[in-house]
Amino acid sequence: MPTYEMPLLIRIMKKPELIATLKRTAETIFNTGGFIRKIENCGVISLPCKTDAHGYVHHEANHFFLYFDVPPTEVEKIIDKCNRDIDIVRSKIYKKYIPFKKTCTFHEEMLPPPYRPSVQKLMEIAQKQHRKKHEFKYNNGLDYYPFNK
């Protein structure tokens with residue numbers, strides 16, 4: 001199952017109600033066959049522009065990040081459930097980017113260009129292309145070569 005992250009903006013309310021909203025969201029993830037890796041609380045932050053959600057205008061919201069694993073077919077169900085929850089101002093689900101770890105040493109980069117492995121691969125490709133170069137064949141069916149004087 002791929003890992004997803006969901007920034008969750010919840011309207012300003014008291015702590016017990018806030019916990020109940022987070023529990024509802026977590027139960028939605030658990031009911032779809034997923035599991036939560038981490039929940040981050042970023043606190044109450046003012047929104048960059050006023051947002052209208054469920055008939056109310058919001059200027060600030062509680063910001064949370066949920067990191068969870070869930071089957072890709074179930075993501076739409078979670079989005080639908082969060083969009084219908086009146087306590088959630090805004091939610092979106094993104095697939096978490098896991099960067100590819102490339103091993104590289106400083107020693108290889110400091111070699112002169114002809115000795116670097118990447119340059120050697122390019123030189124091999126150039127030699128293969130040079131061998132395939134088309135050469136003129138004299139047996140073209142003519143009795144004479146028209147370009148000789």
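Remember, it's a predicted structure, so these values are computed and weren't measured experimentally. Computation of the quantities below employed the complete heavy-atom set of this structure, encompassing side-chain atoms and omitting hydrogens, waters and symmetry-equivalent molecules.
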### Query
What is the distance from atom CG of N83 to atom NE2 of H54, rounded to the nearest 0.5 Å?
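So the gap between those two atoms works out to 7.0 Å.
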
Flag the pair [X] / [Y] as yes when at least one side-chain heavy-atom distance between them is below 4.5 Å, and no otherwise.
X: H58; Y: L47; value: yes
X: F65; Y: C42; value: yes
X: P7; Y: S91; value: no
X: F64; Y: M6; value: no
X: Y56; Y: R11; value: no
X: T3; Y: K95; value: no

### Query
Under the salt bridge (Lys or Arg N to Asp or Glu O under 4.0 Å) rule, what pairs show up with a residue in residues 44-61, not counting sequence neighbours?
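Those involving residues 44-61 do not exist here.
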
Below 4.0 angstrom, N of the basic side chain to O of the carboxylate: do [X] and [Y] qualify?
X: K81; Y: D85; result: no
X: E40; Y: K38; result: yes
X: K77; Y: E74; result: yes

### Chi angles and distances behind the side-chain contact (heavy atoms from CB on, under 4.5 Å) call for D69, Y4
CA-CA 6 Å; D69 291 356; Y4 295 96; over 6 Å; no

Taking [Y] as the starting point, is it possible to reach [X] by hopping between hydrophobic residues whose side chains are less than 4.5 Å apart?
X: I12; Y: I86; answer: no
X: V89; Y: L8; answer: no
X: L18; Y: I45; answer: no
X: I93; Y: L9; answer: no
X: F68; Y: I88; answer: yes

#### Entry: V57 vs T51, side-chain contact (heavy atoms from CB on, under 4.5 Å): CA-CA, chis, key distance, verdict
CA-CA 6 Å; V57 177; T51 303; over 6 Å; no

### Message
Give me the atom names and distance for the closest heavy-atom approach of P71 to M1.
### Response
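Smallest heavy-atom distance, with atoms named: CD-SD, 3.3 Å.
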
### Query
Looking only at heavy atoms, which two atoms of N62 and V44 are closest? And how far apart?
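Closest approach of N62 to V44: OD1-CG2, 2.9 Å.
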
### Message
Is there a side-chain contact (heavy atoms from CB on, under 4.5 Å) between T25 and C82? Walk through the geometry before answering.
### Response
CA-CA 7 Å; T25 307; C82 289; 4.2 Å; yes

### Task
Before giving the answer on side-chain contact (heavy atoms from CB on, under 4.5 Å), spell out for I36 and Y67 the whole-Å C-alpha distance, their side-chain angles and the decisive distance to 0.1 Å.
CA-CA 6 Å; I36 296 175; Y67 298 94; over 6 Å; no

### Query
Quick one: side chain to side chain donor-acceptor pair (under 3.5 Å) partners of K96, sequence neighbours excluded?
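Side chain to side chain donor-acceptor pair (under 3.5 Å) check on K96 returns nothing, list empty.
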
